[in-house]
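Reviewing the structure listed below.
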Amino acid sequence: MPELPEVEQAARTLGAQISGATFDGTVRVAWSRTIHEVPSDVLGAQLAGLSVQGWQRRAKWIVLPLSNGMTFVAHLRMTGRFAVLPRDNADDAQQRVAFGLTDGREVRFIDQRKFGRIRLLSAPELATLDADHGPEPFDPSLTPATWYTTLQSTSRVIKTVLLDQSRIAGIGNIYADESLHRVSVHPLKPANTLSKKKATELLAAIRAVLRQAIDNGGSTLRDYRDSYGAKGTQQDNFQAYGRTDQPCGRCGTAIEKITVGQRGTHFCPYCQKAPR
DNA sequence: AACGACACCTGGAGGC
DNA sequence: TGCCTCCAGGTGTCGT
């Protein structure tokens with residue numbers, strides 16, 4: 001589900017519900033890999049008495065700073081979502097972990113495919129997580145010049161580079177396709193063959209696509225919900241992703257689907273000319 | 001070092 | 001209806 005806009009929305013709606021709340025140390029685990037097999041009593045002991053200081057997002061990670069300097073981080077992967085509910089509410093069949101709060105509620109992590117992960121990080125571990133990722137798309141330090149340099153540094157195809165979290169953080173399969181369609185760049189074009197002008201346009205397109213998606217609460221294809229359970233609406237604005245055989249909004253040519261780096265990839269064969 | 005292939009999981013959709 | 005195959009917002013790991 002979740003790319004930058006969805007994670008941003010999930011983090012915001014989780015933070016809105018539990019900023020200031022305190023973990024009571026209760027941790028109920030239905031799928032231990034979600035918490036990296038850390039024993040529930042160990043994790044509970046670490047969390048007990050800590051309060052949530054706010055919320056952030058780094059790449060596709062939800063980041064909740066805690067009152068002792070540690071950080072609660074979660075990655076939703078494909079199907080993860082949070083819910084904050086009274087303790088006596090029935091468990092969801094796909095619920096993997098629940099963290100008790102001192103106010104009688106629970107922070108629940110629901111995740112059909114079980115790929116999502118939650119951890120408690122020390123400051124150095126958080127620094128490592130940060131260092132493992134490239135710049136945030138909206139970071140002012142990511143300039144047309146630095147972006148062009150990044151693209152020049154590899155001959156991998158552009159779609160794959162957009163998905164490489166160490167080059168730029170937060171873009172996933174949907175918004176990669178949408179960004180490339182927006183600037184009429186073929187997904188198989190080698191990154192180092194984009195002109196400086198095209199690279200600049202692509203950066204602007206990435207920002208525009210992500211901004212619109214954030215403003216629309218992200219995209220819900222099937223599973224994604226924010227931390228209140230609400231769906232996003234950005235899927236109604238897709239120009240390429242999931243529109244196989246439907247007309248391109250610019251030229252009317254049928255959108256094609258190919259596989260790039262094992263990911264379904266949608267593009268307009270007329271607007272986005274194949275590289276030679 | 002960098003890159004591609006595969007693993008990790010469940011369940012919905014579509015073909016027969 | 002039932003079975004089977006394919007596919008999905010992601011990324012960690014392993015082999016080349």
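Excluded from the calculations below are hydrogen atoms, water molecules and symmetry mates; all remaining heavy atoms, backbone and side chain alike, are included. The chains referred to below are lettered A, B, ... by the order of the sequence lines, with proteins before strands, and numbering in each begins at 1.
In DNA chain C, the stems built from three or more successive Watson-Crick or G-U pairs (distances below 3.5 Å) are B:2-8 with C:10-16, B:10-16 with C:2-8.
Residue A:L129 contributes atom CG, which lies 14 Å from atom C1' of C:dG10 at whole-angstrom precision. When the C1' atom of B:dG4 is taken as reference, atom CG of A:D164 falls 13 Å away, rounded to whole Å.
When distances are taken from the side chain of A:E3 to each of C:dG10, B:dC9, B:dG11, the shortest belongs to C:dG10. Residue A:Q165 places its side chain closer to C:dT11 than to any other of C:dT11, C:dG10, B:dG11. Distance from the side chain of A:K114 is smallest to B:dC9 among B:dA5, B:dC3, B:dC9. Comparing B:dG11, B:dG4, C:dT11 against the side chain of A:Q262 picks out B:dG4 as the nearest. Looking at the side chain of A:K257, the nearest of the listed nucleotides B:dG11, C:dG10, C:dC7 is C:dC7. Distance from the side chain of A:K60 is smallest for C:dT11 among the nucleotides B:dC3, C:dT11, B:dG11.
At a threshold of 4.0 angstrom between heavy atoms, the contacts of A:Y241 are confined to the sugar-phosphate backbone, with no base atom among them. Across all strands shown, A:W61 has no heavy atoms under 4.0 Å from either base or sugar-phosphate atoms. Within 4.0 Å of A:R222, counting heavy atoms only, lies at least one base atom of the nucleic acid.
Taking atom P on both nucleotides, B:dA1 is separated from C:dT11 by 23 Å, rounded to a whole Å. When the P atom is compared between B:dC9 and C:dC3, the two are found 25 Å apart, to the nearest whole Å.
In A:K231, the NZ atom is not crowded: 12 or fewer heavy atoms of neighbouring residues, nucleotides or ligands sit closer than 6.0 Å.
Considering CD1 of A:I168 and CD1 of A:I206, their distance stands at 4.5 Å, rounded to 0.5 Å. Atom NZ of A:K114 is separated from atom CZ of A:F109 by 12.5 Å, given to the nearest 0.5 angstrom. The CZ atom of A:R225 lies 13.5 Å from the CG atom of A:L76; values are rounded to the nearest 0.5 Å.
In this structure, A:R211 satisfies the cation-pi test against A:F138, with its NZ or CZ atom closer than 6.0 Å to the six-membered ring centre and inside 45 degrees of the ring normal.
The side chain to side chain donor-acceptor pair (under 3.5 Å) with A:R87 is formed by just one residue from the set A:D24, A:D103, A:T26; it is A:D24. Checking A:K60, A:R207, A:R58 one by one against A:E136, the salt bridge (Lys or Arg N to Asp or Glu O under 4.0 Å) holds for a single residue, A:R58.
Residue whose closest nucleotide on DNA chain B sits further toward the 5' end, between A:R156 and A:R113: A:R156.
Both thresholds, 5.5 Å between centres and 30° between ring planes, are not jointly met by A:F115 relative to the base of C:dT11, so the two rings are not stacked.
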